[in-house]
Trainee: 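Quick one: the structure is below, questions incoming.
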Amino acid sequence: MKNIRNFCIIAHIDHGKSTLADRLLEITHTVSARDSQAQVLDDMDLERERGITIKSHAIQMDYLHEGVMYKLNLIDTPGHVDFSYEVSRSIAACEGALLIVDATQGIQAQTISNLYLALDHDLEIIPVLNKIDLDAAMPEEVKDQIVDLIGCDRDDIIEASGKTGYGIEGILEAIVSRIPAPSGSVDEPLQALIFDSVFNSFRGIISYFRIMNGEVKKGDFVKFFATGKEYHADEIGVLKLKPEPKDKLSAGDVGYIISGIKTSKEVKVGDTITHVNKPCLKAIDGFENVKPMVFAGVYPIDADDYEELRSSIEKLQLNDASLTFEPESSMALGFGFRCGFLGLLHMEIIQERLDREFNMDVITTVPNVSYKAYTTKGEMIEVHNPSSLPDPNHLEHIEEPYITAHIITKSEYLGGIMTLCIEKRGVIKNQVYLTSDRIELTFELPLGEIVIDFYDKLKSISKGYASFDYFQSGYKTAKLIRLEILLNAEPVDALSTLIHHDNAYSFGKRICEKLKELIPRQQFDIAIQAAIGSKIISRETVKAVRKDVTAKCYGGDITRKRKLLDKQKKGKKRMRQVGNVEVPQSAFLAVLKLD
Amino acid sequence: MAGIYIHIPYCHQKCHYCNFYSSVSKKSKPAFVRSLLKEIELQKAYLHQEIISTIYFGGGTPTQLNTFEIEQIIQHLYQHYNISGKAEITLEANPDDLTQEKIIELSETDINRLSLGIQSFHNTDLEYLNRSHSANQAIEAIKTAQRHQFANLSIDLIYGIPTLSNQAWIDNIQTAIDLGIQHISAYCLTVEAGTALDVFIRKGKMPAIDEEKASQQFEILMDVLYKNNFIHYEISNFCKQGFISQHNSNYWKQQKYLGLGPSAHSYNLVSRQWNVSNITNYIQSVEEKNIVPFEIESLTLIQQYDEYILTGLRTIWGVDEIEILSKYGREMYDYFRKQIELFIQKAWIERQGTIYTLTKQGKYFADGIASELFITSD
């Protein structure tokens, strides 16, 4: 055990985590430079394209240091606020963390919140100043930030470049010399922390774990604490570039277990694995049932594809337990599913995976959060959909979820960000200057306002320089009303939103304007109206097409014309008929694109 | 029944709206005529010795050729193809080329139909379009042609021009009627990508097209010509009884045609092909290699159906459900019947026996309707 080092990497998106990790793998000969597809750790196409890690990964490296062979387990962490619980579990499986900060950009909000998580778990922090080779690097200034933040010695900060390989050896040495070896005892009953799981279509669910105490052998009869389910350990092993089966794993080890589990619902991140016959007394602290924060309707474009959509979502759920769904129906869109997501990015990822992996073209409706509606009878109903809000006559009050948000920005963008947060009904809680021109703001904000268009706006106001992180901080009573959208006087339930009373008018006006842009002209006028109850608060009209006929159609025009009309027809297939109006996919998310 | 189209790729100047292939440099003309004569021989087999009932000189501006060259081409066609004695032979002509002398020469050839690019009888519109002739030249050319035994005259008119008021449009149509024109092709001004007009409008140098006004002028067009006993036999084509353009009708009636010259299109029911749109390339290949570079597209059954709908619907002959059933099968027939129902209800389509045609209201939406009836192949 004394030759094991378990560590993770804390970094903001784009700060070079994956490139730096790849260098570590190369230098330890875990992969050769020739074999490595750029960024080995991000193995989903989507992850590579977006440059972020969606799922956790783990990999073991062998590192010879002063004549001693060390096993270094790198546990990668998801790089987005939607997955902060998974991050916390990965951190709990480690004794140390590399804090990677981009020398050209300095510390960002997400780095800070993950750093706090790591400090809470008493991890040894090794600060690394990355991208030191770039001309725009500001090493001294960023070192000041790091020293201020973690109170380390200035000399403890390692300068590195994932691109050139500079400083990588120093990082490996620091991992061995500074990060403590795992504690824990081989003689105690088995206690292993699950920090991730992946789905393999041949093997079922593969769970990744870190053994805190005890040991596990191939064939052992084990139990998962939170679910209470029991399995045989069909295969255990360590995670090299490919899984490497072992007969036994002991306290301090990071590995995987395959036990014939078919669906990801049975494996909960944060759960504890122990033996059936000699169980540990208690589970590892910190387990939570992850609950979705954002809900949206997902409907097939073609109503006939409903069953296919169900089976596609079921398959996605096999390897993404945080995705929830239940059938729902909409007057406008027919049959579909109300899906629950960890956040907006998670929602986008699911939508994209449905398209890429299952070729399912879907309409996603406006996302909303989970509200608590209290009826006059004193019942509490969880509302995941504006249209299931109880009748106003029976409604006592509604509560909406709030978050505490940390925003770090350059001081020049302070004004714009303040205005945005206040527009979004935020209340400022704290404001700290991290350095002379970097500020950390703490806001209380309704989550419902964040899921709509907050993040994009924050990015554009701050020219990409503000970073943002949040955690949920409870429920508060709010004056929410349902805003209906009508197309040619027919209410379209899939376009209705719950909105704060004070914002309803300007919101209604903007959404009508946006829909006017998004709904193509048709053979009749289309009235777009926003209404609260029976009161119309805004109206726009999409004028009818007066003429849709090509003038010339001779020898050479026929091929061209046929292709054009064919394209027109295909475009129409991607639209949904609501009443007599053809509505394109994009219109159902119009709310997210308001200017 | 088959037709031959000949593309003459030369113009005196380019009109702002035109996207047909042509060149204002005439240096290559003698070589082009030589190559065209050779292509006539090379393509002999394409129509399998079928009787040719129509020949059409289009462009470009065919009157950029001298009458000797035109005559040479016609004679060469007679020599190598099976041309019907009653063939309709049309020449597109621009008023500024039609001097009295030229008209007399042309009247002595076998050309029996002239299609004149008039576009408007108002100079402001002609300037907007960058036409190379004046309104007076247009009227003179028509009258001279009529004096010299051209009894089948067609003119092109354009509406929807920003400079054209509704009253001026009525005047244009009336002028044509008063001149005793037998056939009118009336086109809505269309901004084609890459044309000068497209650039000028995008840069704000010229006013854009007003769809509402264009639609009013389409209405005026139909109203005035219907009153004067013109037959509306295709969306943009009107004629007096007995003067339907045989050649153009072939395009809409799924008849075979052979296109000769750069950019010309050919069709033999199961494929479409088009020659390279480049004079130099055309001449070189024909002279040196005895081949014409072309691209070809084979038509699937679905594409054949789509084209039948697209072209058929635009005409007075409409779409025949028996034809659909026999040529394309039960499945496509059922689909057609299902899709067309909505348009019958809207009174955009009229059914008589087994034939479906556009109503007057339906003519405004021919593209949208055809697209709805399409079977997309994905």
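Quick note on labels: first sequence line is chain A, next is B, and so on, each numbered from 1.
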Trainee: Does a side-chain heavy-atom distance below 4.5 Å link B:Glu212 with A:Lys543?
Mentor: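 Sidechains of A:Lys543 and B:Glu212: no contact.
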Trainee: Tell me, out of B:Leu189, B:Ile369, B:Asn248, B:Ile235, who's got the most heavy-atom pairs with chain A below 4.5 Å.
Mentor: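 Most heavy-atom pairs under 4.5 Å with chain A: B:Asn248.
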Trainee: So which part of B:Tyr159 gets closer than 4.5 Å to some heavy atom of chain A, the side chain, the backbone, both or neither?
Mentor: side chain
Trainee: Under a 4.5 Å heavy-atom cut-off, does chain A meet the side chain of B:Lys363, its backbone, both or neither?
Mentor: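 Looking at B:Lys363, just its backbone touches chain A.
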Trainee: Sort B:Tyr5 into side chain, backbone, both or neither according to what part of it lies under 4.5 angstrom from a heavy atom of chain A.
Mentor: neither
Trainee: Less than 4.5 Å to any heavy atom of chain A: does that hold for the side chain of B:Asn275, its backbone, both, or neither?
Mentor: neither
Trainee: So, does B:Glu211 use its side chain to make a donor-acceptor pair with the main chain of A:Val545 at under 3.5 Å?
Mentor: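 Not at all, since once roles are kept as given, no pair shorter than 3.5 Å links the two residues.
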Trainee: Using modelled atom types only, decide if a donor and an acceptor are shared between the side chain of B:Arg314 and the backbone of A:Val549 within a distance under 3.5 Å.
Mentor: no
Trainee: Tell me, side chain or backbone of B:Ser215 under 4.5 Å from chain A's heavy atoms, or both, or neither?
Mentor: both
Trainee: What part of B:Leu299 is in contact with chain A, defined as an atom under 4.5 angstrom from a non-hydrogen atom: side chain, backbone, both or neither?
Mentor: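 Interface part for B:Leu299: side chain.
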Trainee: Short question: side chain of B:Ser236, backbone of A:Ala551 - any donor-acceptor pair under 3.5 Å?
Mentor: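 Here the side-chain-to-backbone pair exists.
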Trainee: Is there a side-chain contact between A:Lys569 and B:Ile375 (heavy atoms, below 4.5 Å)?
Mentor: no
Trainee: Which bit of B:Asn237 comes within less than 4.5 Å of chain A, counting heavy atoms only: side chain, backbone, both or neither?
Mentor: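 For B:Asn237, side-chain heavy atoms alone lie under 4.5 Å from chain A.
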Trainee: Should the ring pair B:Tyr251 and A:Tyr554 be called parallel, tilted or perpendicular, given that the plane angle runs from 0 to 90° and is split at 30 and 60?
Mentor: perpendicular
Trainee: Any carboxylate oxygen within less than 4.0 angstrom of a Lys/Arg side-chain nitrogen, looking at A:Arg562 and B:Glu307?
Mentor: yes
Trainee: Looking at A:Lys567, A:Gln523, A:Gln568, A:Lys572, which one has more heavy-atom pairs under 4.5 Å with chain B than the rest?
Mentor: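 If we count pairs closer than 4.5 Å to chain B, A:Gln523 comes out on top.
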Trainee: Quick one: pull up NZ in A:Lys547 and CD in B:Gln217 and give me the separation to the nearest 0.5 Å.
Mentor: 10.0 Å
Trainee: Quick one: does B:Tyr267's side chain get under 4.5 Å of A:Ile558's, heavy atoms only?
Mentor: no
Trainee: If we define contacts as heavy-atom pairs under 4.5 Å, which of B:Phe20, B:Tyr257, B:Phe365 has the most with chain A?
Mentor: B:Phe365
Trainee: With B:Leu310 as reference, evaluate A:Asp557, A:Leu565, A:Asp566 under the side chain to side chain contact (heavy atoms under 4.5 Å, CB included) test and give the passing residue.
Mentor: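 When side chain to side chain contact (heavy atoms under 4.5 Å, CB included) is applied between B:Leu310 and each of A:Asp557, A:Leu565, A:Asp566, only A:Leu565 qualifies.
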Trainee: Atom CZ of residue position A:Phe335 - does it have more than 12 heavy atoms of other residues, nucleotides or ligands inside 6.0 Å?
Mentor: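 No, the 6.0 Å shell around CZ holds no more than 12 heavy atoms from other groups.
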Trainee: If we only count heavy atoms from C-beta on, is the B:Glu297 to A:Lys563 side-chain gap below 4.5 Å?
Mentor: yes
Trainee: Check this for me: does any side-chain nitrogen of one of B:Glu192 and A:Lys552 sit under 4.0 Å from a carboxylate oxygen of the other?
Mentor: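 Salt bridge absent between B:Glu192 and A:Lys552.
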Trainee: For A:Cys553 and B:Glu234, which heavy atoms make the closest approach, and how far apart are they?
Mentor: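 What the structure gives for the nearest pair is CB-OE2, 4.4 Å.
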